Amino acid sequence: MSEDLSYILNHLGEDRESGFNAVVPPIVQSGNFTYPTVEAMRAAVQNEMDKPLYTRGFNPTVAMLRSKIAALEHAEDALVFGSGSAAIAAAVLSFVKAGDHIVCVQKPYSWTKKLLVELLERFNVSHTFVDGTDAENYRRAIRPNTTFFITESPNSLTFELQDLTAVATIAKEHGIITLCDNSYSSPLFQNPIDLGIDLVAHSATKYLNGHSDVVAGVLAGSHKHIRQVMTKEFMTLGAVPSPHDAWLLMRGLRTLELRVHRSADSAATVAHFLEGHPRIKRVHWPGLASHPQHQLAQRQMRRVAGLLTIELNAPDEAAVERFCNGLDRFLMAVSWGGYESLQWPVCALKGPAGYFTELPFTMVRLYIGLEDPAALISDLDQALALM
Ligand SMILES: Cc1ncc(COP(=O)(O)O)c(C=O)c1O
């Protein structure tokens with residue numbers, strides 16, 4: 001059977017015969033697996049990443065999800081982790097050694113930045129952050145010891161894109177491995193492997209699960225690369241998901257196509273409303289013709305997803321707070337990608353922890369969920385009037 005999207009989301013990998021032919025796969029909530037003979041156990045020990053021996057290495061429920069993620073990202077194989085940060089950290093750690101240098105897009109996800117600045121520096125792995133809106137900046141930053149490029153296109157706060165084909169071409173010329181954090185787009189709106197990128201990571205906490213009830217991550221790539229990560233960093237660091245979380249993720253995937261299109265459609269409606277509003281200074285969303293990288297977005301992404309950032313025409317932080325506190329339909333919370341619309345005021349995260357000190361206090365990130373967009377717009381309108 002061909003692996004069209006609906007087949008991947010609803011059937012691929014589900015192996016119903018080994019689960020009593022239940023329509024919904026049972027959750028194999030077991031940490032451990034038993035063998036009838038020494039010979040059978042010996043065979044499993046030889047291949048504990050592909051056979052049920054111990055759930056850190058292989059679990060049948062997690063394995064179903066792995067095959068779906070690989071197919072969605074047009075990859076040969078995939079791994080599922082206990083968080084997106086774990087997936088990114090395991091991938092980077094697997095491909096660098098002491099003395100190496102990494103080039104990373106500036107303003108990546110905050111814990112990706114911490115991985116480079118606070119963890120890898122201790123092990124003599126250096127890095128350079130570059131403005132990724134010009135792919136040539138990756139080339140300019142290459143040193144003789146550069147082994148890894150990190151991209152995140154677009155990032156999830158200011159939405160700068162990188163030309164992934166151009167970055168991947170530069171990397172290949174120099175034998176450098178590339179990773180793209182593709183959380184923003186989900187595999188439905190962008191497939192970095194088709195553009196030449198080696199490894200694709202997601203915070204599966206976001207669109208892939210889509211119900212705000214699981215923290216998880218995925219990594220997709222070639223058999224060779226995924227096997228390398230699995231046999232070393234994945235097994236050693238042990239940041240594996242529970243079978244129950246993998247099962248919830250599969251349930252979330254059933255509606256992935258419906259959810260991402262609804263979120264993107266509503267985001268377009270909201271972004272156009274906000275762009276024309278006198279109390280809005282700027283809307284950061286690559287789907288708008290006014291976005292400086294709109295053409296690259298059209299070329300590289302199938303669609304632009306449902307996360308955007310606004311800059312308010314607010315005289316002071318008190319006005320920003322009046323707007324945020326006045327929103328009824330946008331829950332104030334971090335993360336995104338679930339069913340519910342969210343707001344994330346940059347001014348709430350500044351402070352001693354040192355987050356986003358370089359960004360204006362007038363910025364508020366909005367995630368557009370599955371609610372009626374007309375209700376979201378009228379809520380935004382009344383809250384803007386409170387400023
Ligand atoms: C773009 C992006 N990448 C990675 C992560 C990390 O994922 P997780 O929170 O699942 O560890 C996040 C989470 O917010 C994110 O937004």
Side-chain angles (χ1 to χ4, degrees), residues 65 69 73 78-93 104-119 129 132 150-162 164 179-190 192 197 199-220 233-234 237-242 245-246 248-249 252-253 260 263 267 284-286 301 304-309 331-338 340 342-346 348-349 353 355-356 359 363 365-369:
L65 178 58
I69 298 296
E73 273 300 2
L79 290 172
V80 185
F81 292 78
S83 73
S85 291
I88 293 165
V92 178
L93 287 169
C104 179
V105 66
Q106 68 185 2
K107 291 188 266 158
Y109 175 64
S110 49
W111 292 93
T112 303
K113 186 172 179 184
K114 279 181 200 271
L115 170 72
L116 302 185
V117 175
E118 291 179 16
L119 199 145
F129 291 114
I150 300 176
T151 62
E152 188 180 316
S153 184
N155 74 9
S156 60
L157 185 54
T158 47
F159 311 108
E160 288 101 11
L161 280 74
Q162 298 99 67
L164 294 178
L179 172 112
C180 181
D181 181 336
N182 198 30
S183 306
Y184 180 84
S185 296
S186 90
L188 268 60
F189 290 171
Q190 178 170 270
I197 296 289
L199 295 162
V200 178
H202 287 267
S203 168
T205 315
K206 310 297 188 288
Y207 275 130
L208 289 172
N209 178 58
H211 291 74
S212 304
D213 50 12
V214 169
V215 172
V218 300
L219 182 72
E233 289 70 22
F234 181 82
L237 300 173
V240 296
S242 75
D245 281 354
L248 280 170
L249 254 152
L253 286 183
V260 292
S263 170
H284 298 256
W285 190 64
M301 302 161 74
V304 176
L307 193 64
L308 55 102
T309 294
L331 303 179
M332 199 180 295
V334 296
S335 201
W336 52 274
E340 73 292 6
L342 300 172
Q343 55 155 319
W344 192 95
V346 161
L349 287 127
Y355 287 111
F356 310 118
L359 295 176
M363 272 188 163
R365 186 178 76 179
L366 299 175
Y367 168 65
I368 309 303

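Being a predicted model, the structure only gives us computed values, none of them experimental. Order of appearance sets the numbers: ligands from 1, and atoms from 1 within every ligand.
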Looking at Thr205 and Ala216, would you say the former's side chain and the latter's main chain have a donor-acceptor pair under 3.5 Å?
yes
Listed by chain and number, what are the side chain to side chain donor-acceptor pair (under 3.5 Å) partners of Thr112, not counting sequence neighbours?
none
N/O contact list for ligand 1, threshold under 3.5 Å:
{"from": "ligand 1", "atom 1": "3 (N)", "to": "Asp181", "atom 2": "OD2", "distance (Å)": "2.6"}
{"from": "ligand 1", "atom 1": "7 (O)", "to": "Ser203", "atom 2": "OG", "distance (Å)": "3.0"}
{"from": "ligand 1", "atom 1": "10 (O)", "to": "Gly84", "atom 2": "N", "distance (Å)": "2.9"}
{"from": "ligand 1", "atom 1": "10 (O)", "to": "Ser203", "atom 2": "OG", "distance (Å)": "2.8"}
{"from": "ligand 1", "atom 1": "10 (O)", "to": "Thr205", "atom 2": "OG1", "distance (Å)": "2.6"}
{"from": "ligand 1", "atom 1": "11 (O)", "to": "Gly84", "atom 2": "N", "distance (Å)": "3.0"}
{"from": "ligand 1", "atom 1": "11 (O)", "to": "Ser85", "atom 2": "N", "distance (Å)": "2.8"}
{"from": "ligand 1", "atom 1": "11 (O)", "to": "Ser85", "atom 2": "OG", "distance (Å)": "3.3"}
{"from": "ligand 1", "atom 1": "14 (O)", "to": "Lys206", "atom 2": "NZ", "distance (Å)": "2.7"}
{"from": "ligand 1", "atom 1": "16 (O)", "to": "Trp336", "atom 2": "NE1", "distance (Å)": "3.4"}

Thr158: side chain to side chain donor-acceptor pair (under 3.5 Å) partners, not counting sequence neighbours:
Lys107, Asn155, Glu160
Restricting to side chain to side chain donor-acceptor pair (under 3.5 Å), what partner residues turn up for Asn182, sequence neighbours left out?
Glu73, Gln190
Aromatic ring centroids of Phe81 and Phe234 under 6.0 Å?
yes
Would you confirm whether Tyr184, through its side chain, and Leu307, through its main-chain N or O, come within 3.5 Å as a donor-acceptor pair?
yes
